[in-house]
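I have placed the structure first, in the form of structure tokens, so that the comments after it can refer back to it.
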Amino acid sequence: MSQPVSKPIILQVGPYPEWDQTPLDSAFEVKKYFEAQDQPGFLAEHGPTIRAIATRGELGADRAMIEACSALELISVYGVGFDAVDLDACRERGIRVTNTPDVLTQDVADLGVAMMLCQSRGMIGAERWVRDGSWASKGLYPLKRRVFGRKAGILGLGRIGFEVGKRLAGFGMDIAYTDIAAKEYAPGWTFLPDPLDLARHADFLFVTLAASAQTRHVVNGDLIACVGPEGMIINISRASNIDEEALITALQNGTLGAAALDVFEGEPALDPRFLDLDNVLLQPHHASGTIETRKAMGKLVRDNLSAHFAGQDLLTPVF
Ligand code: 8YV
């Protein structure tokens, strides 16, 4: 009689949609960290058996989790951002890391541009104006600022920043960007090496940088002041790229005109001061949140896990 083949044991940090959960459960023995009442106890019990971690971009895997998994070989991230994974802890032990680049780029760029349009044209307030009867009782909705033909700045011209720029070109915008070096694939756009110059240029400043310890608070109080009272900051990257305290202060006192944010420090428990501000559009970290993209992300997470356990090359390694 043949022995049943044992499946690799993996730790799942957060929930996935059912269309990912079912194939994950059939390919692996899945230990669901997010369902555990006593998470440290759960890690102490199962950690030594875990060969891979499946996590999400914003959840990552911290050093304590990685150290509890003494037989860990791979961390597969559902998301392009891997800043929440303790990369040093991985490198020390030769643990591989994968993410889900490319498959989400277009949707993230779409949402960033939609946020700019929505906020600049006051669409949330306009919807309220119709629903609460203001249109009938008060008349015309207050005029808002145009997007077409104005100046855009893109802080970080990687995959997502580039797609944002392509969309903005369709709005006839004057596009500049900051990155480590000028990009040959963006010939018609102005390269400004200093982020402060970019902020001075931009009516709309898009933050599309991959987050790391080096980029923490790159958007600081000085930079926010350069975007100015007529300007808007749109963040579809990570909250840590912006000094949130300085951002809130600038939004409160009007030294920054507006913001449109998909990411927050401590999300989903965002700073309650945001809720009192009219000049900020708040989105629940869903830039990659379409059915099409999330299905592709889930498949890539599983394909990386499967490739690893089959001894094949990883599809999208970080390292
Ligand atoms: C996801 C993300 O929202 O790609 C990233 O880095 O943050 C997102 O796509 C997240 O990982 C889904 O849980």
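The figures that follow rest on heavy atoms only: side chains count, while hydrogens, waters and symmetry mates do not. When a ligand or atom number is given, it counts from 1 through the structure's own listing order.
Using a cutoff of 4.0 Å between basic side-chain nitrogens and carboxylate oxygens, R273 and E245 are scored as salt-bridged. Taking a cutoff of 4.0 Å between a charged side-chain nitrogen and a carboxylate oxygen, R145 and E230 qualify as a salt bridge. Salt-bridge formation is not detected for the pair D132/R128: no Lys NZ or Arg NE/NH1/NH2 atom is positioned less than 4.0 Å from an Asp or Glu carboxylate oxygen.
Ring geometry, Y177 versus W189: the interplanar angle exceeds 60°, so the pair is classed perpendicular (tilted spans 30 to 60°).
Close contacts between ligand 1 and M297 involve ligand atoms 9 (O) [criterion: under 4.0 Å to a heavy atom].
Considering only non-hydrogen protein atoms, atom 5 (C) of ligand 1 sits nearest to V80 N, 3.3 Å. In terms of protein heavy atoms, atom 11 (O) of ligand 1 is closest to Y78 O, 2.7 Å. Looking at atom 12 (C) of ligand 1, its nearest protein heavy atom turns out to be E58 OE1, 3.5 Å. Protein heavy atom at the shortest distance from atom 7 (O) of ligand 1 is H285 NE2, 2.8 Å.
Ligand 1 is never approached by H286 to a heavy-atom distance shorter than 4.0 Å.
With M116 as reference, M173 is the one residue of M173, R121, R167 to meet the side chain to side chain contact (heavy atoms under 4.5 Å, CB included) rule. Screening T100, N304, D303, D102 against T316 for a side-chain hydrogen bond (donor to acceptor under 3.5 Å, both in side chains) leaves a single residue, N304.
Selection from G57, S288, A84 by nearest heavy atom to atom 8 (C) of ligand 1 gives S288.
Taking any N or O of L104, backbone or side chain, none lies under 3.5 Å from an N or O belonging to ligand 1. Residue contacts with ligand 1: G81 is placed with a nitrogen or oxygen under 3.5 Å of a nitrogen or oxygen of the ligand (distance criterion only).
Only the side chain of R238 comes within 4.0 Å of ligand 1, judged by heavy-atom distances.
A259 and Q119 get closest at one heavy-atom pair: O-NE2, 3.4 Å.
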